[in-house]
Amino acid sequence: MKIASWNVNSLKVRLPQLIQWAAEAQPDIIALQETKLEDAKFPVDELAAAGYRAVYSGQKTYNGVAILTRDATQPEFKDVVTDIPGLDDPQRRILAATIGDVRVVDLYVVNGKAVGDEKYAYKLDWLTKVHAFLAQEIARHPNLVVLGDFNIAPDDRDVYDPVAWGEEVLCSPAERAALKSITELGLHDSFRLFEQGGEHYSWWDYRQAAFRRNMGVRIDLILIGDALKSAAKTAAIDRTPRRWERPSDHTPVTLDLEI
DNA sequence: ATGGTAGTGCTACTA
């Protein structure tokens with residue numbers, strides 16, 4: 001089973017790229033972030049024609065998450081959750097669904113704007129509530145996959161210029177501590193099961209030719225529970241779509257599981 | 001220190 005996560009930065013714009021990439025990469029499950037589409041405008045028919053069924057939780061202009069599964073190989077979605085229990089939040093940033101015996105939680109973590117900003121405080125509070133939700137999820141579902149745009153670079157290896165980034169947003173100690181508390185629930189950064197080096201990034205700013213210069217950060221993660229660790233075979237960051245015309249600022253990340 | 005680009009939607013806001 002191949003699982004992918006991609007912040008598409010507008011599914012309306014990126015739909016042709018998503019369909020092309022899926023045809024080439026053949027993922028069984030794709031978690032999307034920043035679809036920026038109301039549910040009524042989700043491209044159900046176009047994705048069905050491409051062989052994928054979908055669940056989605058979207059809004060106009062901002063945020064929006066979706067999970068796609070390959071029709072031919074995957075069972076129906078079960079136990080779909082679109083909100084963190086106890087958090088009344090209009091921002092569409094979380095989507096959980098069970099596919100067979102795998103539980104998938106798709107996250108679009110708050111960006112936070114800047115350390116000290118009110119959006120940063122919202123980010124940390126949101127992460128605390130997600131932590132509580134994931135503690136319940138991992139107790140219920142041993143085969144747990146938590147993936148998405150975390151908007152946190154786990155450590156300095158995941159940052160192009162850690163001195164310049166310093167303790168700015170995406171790299172601040174409080175954000176990294178929040179991510180660590182999530183991984184300490186028993187969730188592993190699957191990419192780091194296979195690759196220890198730096199210079200592997202999943203997001204590059206549109207400005208300053210950042211992609212060409214590989215000035216990026218690795219903020220798109222696929223976390224897996226202990227029970228799936230031995231099933232993990234390959235983790236990768238596929239930079240191909242970032243080279244295409246009119247790309248998302250993020251590129252897809254993938255994980256192959258032998259299940 | 002600032003601003004550079006992109007998406008939405010038409011004015012700033014978010015990233």
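So that the names make sense, note that chain A is the first sequence line, chain B the second, and so on, each numbered from 1. Keep in mind the model is a prediction, meaning the values are calculated, not measured.
With sequence neighbours excluded, the residues satisfying side-chain contact (heavy atoms from CB on, under 4.5 Å) with A:E24 are A:Q20, A:W244. Partners of A:F194 by side-chain contact (heavy atoms from CB on, under 4.5 Å), not counting sequence neighbours, listed by chain and number: A:A232, A:A235, A:L255. In this structure, the side-chain contact (heavy atoms from CB on, under 4.5 Å) partners of A:A236, at least two apart in sequence or on a different chain, are A:T254. With sequence neighbours excluded, the residues forming a side-chain contact (heavy atoms from CB on, under 4.5 Å) with A:D39 are A:Y56, listed by chain and number.
Stem regions for DNA chain B, each three or more consecutive Watson-Crick or G-U pairs with both distances under 3.5 Å and listed by first number, read B:5-8 with B:12-15.
Taking Ile, Leu, Val, Met, Phe, Trp and Tyr as members and joining any whose side-chain heavy atoms lie under 4.5 Å apart, directly or through other members, the hydrophobic cluster of A:W204 also contains A:Y160, A:Y201, A:F211, A:M215. Other members of a hydrophobic cluster containing A:Y206 are absent, since no ILVMFWY side chain comes under 4.5 Å of it, directly or through relayed contacts.
A straight line from CG of A:D149 to P of B:dT14 spans 16 Å, rounded to a whole angstrom. Taking atom CH2 of A:W165 as the reference point, atom P of B:dA15 lies 14 Å away to the nearest angstrom.
Using C1' as the reference atom, B:dT11 and B:dG7 are 14 Å apart when rounded to the nearest Å. A distance of about 16 Å separates the C1' atoms of B:dC10 and B:dA6, rounded to the whole Å. A distance of about 22 Å separates the C1' atoms of B:dA1 and B:dC13, rounded to the whole Å. Rounded to whole Å, the P atom of B:dT14 lies 14 Å from the corresponding atom of B:dG9.
Taking the charged nitrogens against the carboxylate oxygens, A:R70 and A:D28 do have a contact shorter than 4.0 Å, which makes a salt bridge.
The side chain to side chain donor-acceptor pair (under 3.5 Å) analysis of residues 74-88 of chain A, with sequence neighbours excluded, yields the pairs A:D83-A:R92. Residues in residues 169-180 of chain A take part in these side chain to side chain donor-acceptor pair (under 3.5 Å) pairs, two or more places apart or across chains: A:Y120-A:S172, A:K123-A:E175, A:D156-A:R176, A:S172-A:E175, A:K180-A:E184.
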A correct 5'-to-3' footprint of nucleotides 4-12 of chain B, with B, S and - meaning base, sugar-phosphate only and no protein heavy atom under 4.0 Å, is BBSSSS---
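At least one side-chain nitrogen or oxygen of A:R93 sits closer than 4.0 Å to the OP1 or OP2 atom of B:dA15.
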Per-pair distances, 0.1 Å, donor-acceptor, side chain in residues 133-142 of chain A, under 3.5 Å, sequence neighbours excluded:
from, atom 1, to, atom 2, distance (Å)
A:E137, OE1, A:R103, NE, 2.6
A:E137, OE1, A:R103, NH2, 3.4

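Contacts of residues 106-119 of chain A with DNA chain B (heavy atom under 4.0 Å): A:Y108, A:N111, A:K119.
Across every non-hydrogen atom of A:L68 and A:F77, the tightest pair is C-CZ, 4.4 Å.
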